[in-house]
Amino acid sequence: MVTATLPIKLGGLARMLVQEQLLSEAEAEAIQAQASTEGVPFVSKLVQSKKVPSLQVAQSAAMAFGFPLLDLNTINADYLPQKAIDIKLMQSSRVMALQVRGNTMFVALSDPTNLHALDTVQFQAGLTLSPIVVEDDKLGRWIDKIIEANDTSMKALGVDEEIDLDIQGDEPSAEVDAQTAEIDDAPVVKYLQKMLLDAINAGASDLHFEPYEKYYRIRFRVDGVLREIARPPLAIKDKLASRIKVISGLDIAEKRIPQDGRMKLVLSKTRAIDFRVSTLPTLQGEKIVMRILDPSSATLGIEALGYEPDQKEALLAAVQRPYGMVLVTGPTGSGKTVSLYTCLNILNEPGINISTAEDPAEINLPGVNQVNVNEKAGLTFAAALKSFLRQDPDVIMVGEIRDLETADIAIKAAQTGHMVLSTLHTNDAPGTLTRLMNMGVAPFNIASSVILITAQRLARRLCKSCKHPVDIPKEALLRAGFQEEELDGSWTLYGPKEGGCDACNGRGYKGRVGIYQVMPITEEMSRIIMKNGTSHDIADQARREGVQDLRQSGLLKVKQGLTSLEEVEACTNE
């Protein structure tokens, strides 16, 4: 069976197969010559030639060299060790990591005579190798899968090499520069630019970059709803996080605590969009959320926000008074900041001194003195307010009233000749007054300073191109809050088209419209407040004075055909 005079030029595996009489000398020499010319392993060329089945090659090699044999179809990709062997080395050596146990790494290979490859992998991994023989064609497919999962090239990420946007942020320090060699990976930079541009074009308000154990997900919040946009390779998560952090002025070496920063995307000479960046350590890496802060949203004008004529008139009359406090309330993401900045934009004239304290300042408005609160440095809302009062202000905007000290200073400012704008997290306008009392503000101070409260929500706007009439039973409309006399057939109830259209990207909704409860504080309400009245007492009085609550305002938007009944019921759930 053993051939005595084998040509010395035959490699180890080729020699063994000839000895096993699975190949002739001529066939082995020819295949080895072709493999050498093409720069591929002998075993791969042999399997391609179909001279010997891949399984038979593996069985013979395992038996001849005393290594175990494994069918790669039986393994689970989720349990393969990540980054145990460098991707390029895995491709060149044709050795794949299967498991790491202690100081031993079990590796799959199809040619056990390739000692040079084993030595190189062992040196790179710093572990003792335990080889396991596998079929070459299956090994090739597995290596291709791993390379594809870790590919961060332009083609793999689906980005256009022509994308080249100017992303600006705080300048990193020199010591950070030394750590950012891989952060400047061109495909990652281009991919981030593409995601930012896609988010802006989609009208998104937030981008979520979320790492999980087995995949990486990017979602956009469009019209208040999160939608999955992409699942890039898991290998990109650390590079992408580091890239975002370094251009946002954050510490890329600190991954144990949350961080906040800012960056700017310059689209043209006349348009730049700011992003507020927040990082959060999770079990599988850092989750990053980027809030899009488009300055143009503050210059839309109050007409574009969705206020009814009487609501707009009441709000404008309040903010243009020389002193007093106007409060905007609602949950996170309800558009409070845009409403406040719209009011500030109306008041922003050369003869008026405006100062704002925010955490952080979301929209850059020229002509307004904006201060970022920094709790660690001692620059709290209260400290900023005290400083403002020594700066001869006309209008003061406080990002949020969170505690009694801030509330007291803001109210005193409103009582001493300043217009104060601020926000609170409450469900409706009457509940805001009760919230201030619970914080410890004296009823007299509330009654003498607060002149108007507006509560708001954002409802998805029906797509103008595909909305269609819907038929809802009268009983359901009455339960929703419509009055009997309103159901006279003079208006049409619309709903979203299932599957939407091209204009709304199949969602049935496009854009959002504000739903507001605008409640001026009248003399009668002030008396109720002075008597320690409850939010129910104030709500009853507001109803008697013709103030629409959030549900009524939402139903009016339904009658106008701007949104659907189910959308109003969802965002004004009482």
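Every heavy atom of this structure was used, including side-chain atoms; hydrogens, water molecules and symmetry mates were not. Bear in mind that the values here come from a model prediction, so they are computed numbers and not experimental data.
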Item checked: Test side chain to side chain contact (heavy atoms under 4.5 Å, CB included) applied to Thr380 and Asp403, step by step -> CA-CA 11 Å; Thr380 61; Asp403 51 53; over 6 Å; no

Taking atom [atom1] of [X] and atom [atom2] of [Y], what is their separation to the nearest 0.5 Å?
| X | Y | atom1 | atom2 | result |
| --- | --- | --- | --- | --- |
| Tyr509 | Leu462 | OH | CG | 5.5 Å |
| Leu192 | Lys194 | CG | NZ | 11.5 Å |
| Met290 | Leu196 | CE | CG | 5.0 Å |

Item checked: Aromatic Tyr494 / basic Lys467 pairing, under 6.0 angstrom, 45° off normal ->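 Here Lys467 passes the 6.0 Å and 45° test against Tyr494.
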
Next item on the list: Name all residues meeting the salt bridge (Lys or Arg N to Asp or Glu O under 4.0 Å) criterion together with Asp137; count only those two or more places apart in sequence or in a different chain, and write none if there are none.
Entry: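 Expected list: none.
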
Quick check against the 3.5 Å criterion: does [X] have a side-chain atom that pairs as donor or acceptor with the backbone of [Y]?
| X | Y | value |
| --- | --- | --- |
| Glu210 | Arg219 | no |
| Asp223 | Gly511 | yes |
| Gln91 | Ile143 | no |

Notebook entry, point to check: Are Glu567 and Lys557 ion-paired here, with the side-chain N under 4.0 Å from a carboxylate O?
Noted result: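 No, this pair does not count.
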
Notebook entry, point to check: Only one of Lys287, Gln284, Arg217 clears side chain to side chain donor-acceptor pair (under 3.5 Å) with Tyr212; which?
Noted result: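 Among Lys287, Gln284, Arg217, the one that satisfies the side chain to side chain donor-acceptor pair (under 3.5 Å) with Tyr212 is Arg217.
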
Next item on the list: Please report the shortest heavy-atom distance between Lys245 and Lys255, naming the atom on each side.
Entry: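 Minimum heavy-atom separation between Lys245 and Lys255: NZ-CG, 3.9 Å.
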
Checklist line | Within residues 123-136 or reaching into it, pairs that qualify as side chain to side chain donor-acceptor pair (under 3.5 Å) - sequence neighbours excluded | finding: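 Applying side chain to side chain donor-acceptor pair (under 3.5 Å) to every pair that reaches into residues 123-136, excluding sequence neighbours, yields Ser44-Asp136, Arg94-Asp136, Ser110-Asp136, Glu135-Lys138.
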
Margin query: My understanding is that only residues two or more places apart in sequence, or in another chain, count here; which of them pass side chain to side chain contact (heavy atoms under 4.5 Å, CB included) with Thr329?
Written below: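 Partners of Thr329 by the side chain to side chain contact (heavy atoms under 4.5 Å, CB included) criterion, ordered by chain and then number, come out as Leu424, Thr426, Thr432, Ile453, Ala455.
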
